[in-house]
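Letters A, B, ... are given to chains in the order of the sequence lines, protein chains preceding strands, and every chain is numbered from 1.
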Amino acid sequence: MEKNFEPKKEAEIYKRWVDNGLFKPKSDKGIKTGESFSIIMPPPNITGQLHIGHALNNTMQDVLTRYNRMQGKNCLWVPGTDHASIATEVKIIEALKKEGLTKEKLGRDEFLKRAWAWNDKFGGRIKTQLKSLGCSCDWDRCAFTMDEPRQKAVLKVFKQLYDEGLIYRGNKIINWCPCCKTALSDAEVDHVDESGFLWHIRYPYADGNGYLVVATTRPETLFGDVCVAVNPEDKRYADKIGKMVILPTVNKEIPVVSDSYVEKDFGTGAVKITPAHDPNDYEVGKRHNLSPICVMNDDGTMNELAGVYNGLTREDCRKKLIEDLKKANLIEKIEPYTISKGHCYRCHTVVEPMISKQWFMDMNEMAKVALKAVDSGELKIIPNRVEKIYRNWLINIKDWCISRQLWWGHRIPAYYCDDCGNTMVSENNVTKCNKCGSNHIHQEEDVLDTWFSSALWPFSTLGYPEKTKDLEDFFPTTTLVTAQDIIFFWVARMVMLSTKIMGKVPFKNVLINGIVRDDEGKKMSKSSNNGVDPIEIIDKYGADSLRFSLLLGNGTCNDFRFSETKILEDRKFINKVWNAGKFLELCISQTEGELNFEKTDLNVFDKWIYSKLDAAISDVVKFMNQLDINMAVSRIYNFVWDEFCDNYVELTKPYVYSENKEERRHAVAILKDVYINILKLLHPIIPFITEDIYSNFASGFLMEQSYATSVGKFKQEKKLVDKIISTIKKIREIRLIYNVVPSKKLTLIANANDKPSVTKAELVLSKMVNIEKVIYVKPAEETIDFVTEIGELGLLKSEVIDKEKEKEKLTKELEAVDKEIEVLKVRLDNPNFMTKAPKNLIDELKARFEYLSNSKKAIEAKLK
RNA sequence: GGAAGUUUAGCUCAGUUGGUAGAGUCCCUGCCUUACAAGCAGGUUGUCAUAGGUUCGAGUCCUAUAACUUCCACCA
């Protein structure tokens, strides 16, 4: 037999689970069940492979699913992947670049072929990875955001919202990525502070009387200026309003207008207004009836309106323009200034605000409903604080720009008539204009924002738009487990679209998992090269080790540190469990007969472990119900290692090794029963090894069993054994302090009236601390006395010896007792405490005080 | 500019409704005891960030401060 646990058989075990249909909901097998439990998996992007954050996220989902399955619920966990429109397209373009290709050279159809091939490769890899992690999701229901059923859902929802006027097309200022050459939603723009400059530029008055100085961070947009705005309250400019200034290098006259948007105290108090390239300026321009002038091409280069700068990039244009302005003596001054710049969240290029014709979704009403879901408590976000973030975003929501100038994604189902300009939205291909009857129809080139299909995920995965049994059984879903960074992108939008389309909030709970950091606290990422590859860890240590280590000590929703070192520490526990199983096997192999037991035959130690098991189970159930997986894991850890392995196994060994066959059989039967309950407690967390060990003791699958149960709880026996354990500790301590070799047999002296308790402990005392006999009469010779919760006890001094050490020890002990007595006294002497504190607390403290006083007396007597 | 989180033993972190501070690891001591040396038994280690307040009693509630982290935000 191997000495330690080596993970090996995981793939084989997984296959057996799948082959036996264990991941399918009970209802699929025609089993009538009451409560249903469902989770939809946040679909990983097919951009690459899983990282450690996915491993955490999916482990948590698997724990919840397996736990609830064992609790008898009708469980469904739907897996899937996301086409990740822009992210994947960026990756494919990168790959093409290596071949010297561009997507334009390839053409739309060829490009899409590549994208589907990409999906086959990476989507497939992701599924394999989820399987090796042990995820018990129903693969037959696996969904992809671009597969046919999901396409149908997208078309149907788009059409419905368009018909209701909630989806519309319009010219608005949007975020443009010059690299991806597409519009982006506000949520897809990352703002980063960068050091830059505030350029003070002179705009000469048209009448030749001096100039006006404007301050700007973006001089290159000057060609698109339509006016200069000042605050109406600003006395400096009061007489300038209505005058004309000359736009440098363009030599065009533009007016000075007043607008309260301008802050007097910032810069020069005069702002150049460029409606086509700034969202605020856009609003100002609108107020003053000045049309925007777009001065850039879609690749971020300047267009013909920039005159001699035509064709330069934004950056080059700026450099050259500043030089030219300097030469023309039109630069007043240059101040260093920190500016927050928007970047594309996929390619990190600086985003350009541009006016563009795009498709939008009106979010106003849906946002209100989504807010109500949280306010009413129908939707619970854990931790609570995240609700605030969610709320805040919804309150300030703007219409969602849903069109993207990309190829990989759901093509917008809008059709235009080339002859009459009519727009038609249809779920089916349109070939004829419903207005003029023309056959010259072309479909919208744009695709939808990838988050559009994601927003439908909770019901599109369950069969929408068909009215399926899955929707009936599993929608709304129970819990969504996800990371905080997609609360806007995804969670809020799912809530909005689900309530809109299905009339229901899509899940009851949203559990936020923390961010995994490296051992120095840095966020794991490819760029920092500090990522831990989950597959590498699984290959090396097994999925159970990874899962366990991701959960242990990972406080709810907190970011936490993870490293290979942590795995090495945490997997000791798994080994411990394995070794306990090995011990049980050994015991069983040396025992004859059926391993049954009667509840009436339980001895005091059995009753103790069942009481502990009972308490552990009810704690674990409580924690799991409040989705506090970390607390559940550490509670199980504590029960298994401390209470079962360190205490019960040792306490029951005398019985397991008993000469009495009946007694032996009984002890092994209990040991087995408790151990199997441990496997059940642990199965949702470390499914592979528990399933493997279980097969050594029972037939069938552990994952199909119902969750752990205890025979019962026994208050008296629990108390007594707690006392015996503390007595054992005390004797061990004495033995250690006096350097008494383990082989030395000792005599224990006890009071006659404690005989009933001591008798019950006699066997374990003899085995665990080598007490050879107990006497109930005070011997003539000197003794070492000590007080334990079991009573006043003593050992023969002749057997233990060493005066100095004894004195040292007693003095130390006395100090501790005195200290505690003093603290207690202060409280018990405080009349306020005595009147206001709860009675049971006072009684407890009084009892403790009495016990300590007795100990003190005993120690003092010995010291004399 | 707003908002949130974190601050507890050398390290990594628990601490559920206020009731004399916990785990793992590290370190020290003794054990290769017939499940496990990836182990067993025992031991040391804390102004619970700082300053106030509420309370009979505060790691826990309130207020302010500091450091770190994160999110949101259009101030040219």
Side-chain angles (χ1 to χ4, degrees), chain A residues 1 3-5 191 198-199 214-218 221 229 261-263 265-274 278-284 337 339-340 342 353 383 385-386 388-389 392-393 396 484-485 487-488 515 517 519 521 523 552-555 557-563 565-566 568-587 619 622-623 626 628 630-631 634 637-638 641-642 645-646 649-650 653 657 728-729 732-733 735-737 739 741-743 768-769 819-820 822-824 826-827 830-838 841 844-845 848:
Chain A
M1 202 180 281
K3 207 157 184 209
N4 298 309
F5 168 66
H191 291 273
L198 195 55
W199 322 85
V214 302
T216 181
T217 57
R218 303 210 50 201
T221 63
Y261 153 71
V262 180
E263 297 213 2
D265 304 330
F266 188 88
T268 62
V271 187
K272 64 192 258 326
I273 299 299
T274 323
D278 183 288
N280 294 304
D281 290 8
Y282 180 74
E283 295 301 322
V284 177
Y337 187 69
I339 182 169
S340 160
R385 64 184 136 87
V386 177
K388 253 189 196 171
I389 301 173
N392 191 44
W393 188 73
N396 298 309
Q484 198 180 68
D485 54 353
I487 193 115
F488 311 132
I515 293 169
R517 299 175 177 280
D519 50 3
K523 192 169 166 176
L552 186 71
N554 179 3
C557 325
N558 288 338
D559 293 359
F560 90 118
R561 296 181 187 206
F562 184 81
S563 60
T565 321
K566 188 172 188 309
L568 288 168
E569 284 171 15
D570 295 347
R571 72 182 183 135
K572 289 181 183 176
F573 175 77
I574 295 175
N575 193 50
K576 186 78 180 172
V577 172
W578 189 80
N579 272 307
K582 211 178 81 175
F583 174 63
L584 177 60
E585 267 183 83
L586 199 79
C587 293
D619 283 345
K622 185 182 77 188
F623 291 135
Q626 61 201 37
D628 199 342
N630 161 51
M631 285 300 278
S634 52
Y637 183 103
N638 160 265
W641 203 311
D642 303 342
C645 291
D646 286 352
V649 170
E650 297 307 319
K653 266 182 185 171
Y657 294 141
I728 288 170
K729 285 193 175 206
R732 271 181 184 153
E733 198 189 319
R735 295 193 73 119
L736 201 78
I737 284 165
N739 260 327
V741 291
S743 56
M768 291 172 81
V769 281
K819 204 174 152 192
E820 199 179 336
E822 209 163 305
V823 175
L824 279 177
V826 171
R827 302 176 77 187
N830 183 344
N832 282 323
F833 176 78
M834 294 305 280
T835 50
K836 291 185 182 174
L841 180 69
E844 237 172 75
L845 293 185
R848 180 77 185 153

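Of all nucleotides present, none satisfies the Watson-Crick or G-U wobble test against B:rC74 with each distance under 3.5 Å. In this entry B:rU34 has no Watson-Crick or G-U wobble partner, no candidate having both defining distances under 3.5 Å. Partner assigned to B:rG5 is B:rC68, using Watson-Crick or G-U wobble distances below 3.5 angstrom. As the counterpart of B:rU29, B:rA41 is assigned, both hydrogen-bonding distances of the Watson-Crick or G-U wobble pattern falling under 3.5 Å. Look at B:rC61: its Watson-Crick or wobble partner, with both distances under 3.5 angstrom, is B:rG53.
Across the P atoms, B:rA23 and B:rA67 are found 34 Å apart, a figure rounded to whole Å. Separation of the P atoms belonging to B:rU6 and B:rU16 is 12 Å when rounded to the nearest angstrom. Separation of the P atoms belonging to B:rA4 and B:rU63 is 11 Å when rounded to the nearest angstrom. Nucleotides B:rU45 and B:rU55 place their P atoms 35 Å apart, quoted to the nearest Å. Separating the C1' atom of B:rC27 from that of B:rA9 is a span of 12 Å, rounded to the nearest Å.
In this structure, the nucleotide among B:rA35, B:rG24, B:rC74 sitting nearest to the side chain of A:Glu569 is B:rG24. Of the candidate nucleotides B:rC36, B:rU16, B:rA38, B:rA38 has the atom nearest to the side chain of A:Lys572.
Judged by closest nucleotide on RNA chain B, A:Phe560 is the one of A:Asp570 and A:Phe560 placed further toward the 5' end. Across the interface with RNA chain B, nearest-nucleotide mapping of A:Pro838 and A:Glu650 shows A:Pro838 to be the residue nearer the 5′ end.
Note on A:Arg561: a side-chain N or O is less than 4.0 Å away from OP1 or OP2 of B:rC13. Regarding contacts with the backbone of B:rA4, a side-chain N or O of A:Lys388 is found under 4.0 angstrom from either OP1 or OP2. Residue A:Tyr337 places at least one side-chain N or O under 4.0 Å from the OP1 or OP2 atom of B:rA76. Contact between the side-chain N/O atoms of A:Lys653 and the OP1/OP2 oxygens of B:rU33 is not found at any separation under 4.0 Å. When the side-chain nitrogen and oxygen atoms of A:Trp641 are compared with OP1 and OP2 of B:rC40, one or more of them lie within a distance under 4.0 Å. Contact between the side-chain N/O atoms of A:Lys576 and the OP1/OP2 oxygens of B:rC40 is found at a separation under 4.0 Å. Between B:rA35 and A:Tyr657, a contact under 4.0 Å exists linking OP1 or OP2 to a side-chain N or O.
A:Lys622 has its NZ atom 11 Å from the P atom of B:rU16, to the nearest Å. In this structure, the CZ atom of A:Phe583 is 5 Å from the P atom of B:rA35, given to the nearest Å. Rounding to whole angstrom units, CZ of residue A:Phe562 and P of B:rC13 are separated by 13 Å. Regarding A:Ile339, its CD1 atom lies at a distance of 9 Å from the P atom of B:rC75, rounded to whole Å.
Backbone-only engagement by A:Asp646 is indicated by non-hydrogen atom pairs under 4.0 Å involving sugar-phosphate atoms exclusively.
Under the 3.5 Å distance criterion, the side-chain polar atoms of A:Asn575 are left unmatched by any main-chain donor or acceptor of A:Arg571.
Under 4.0 Å is where a charged nitrogen must lie from a carboxylate oxygen, and between A:Glu569 and A:Lys566 no such pair does.
Side-chain N/O atoms of A:Asn280 and base N/O atoms of B:rC74 include a donor-acceptor pair closer than 3.5 Å.
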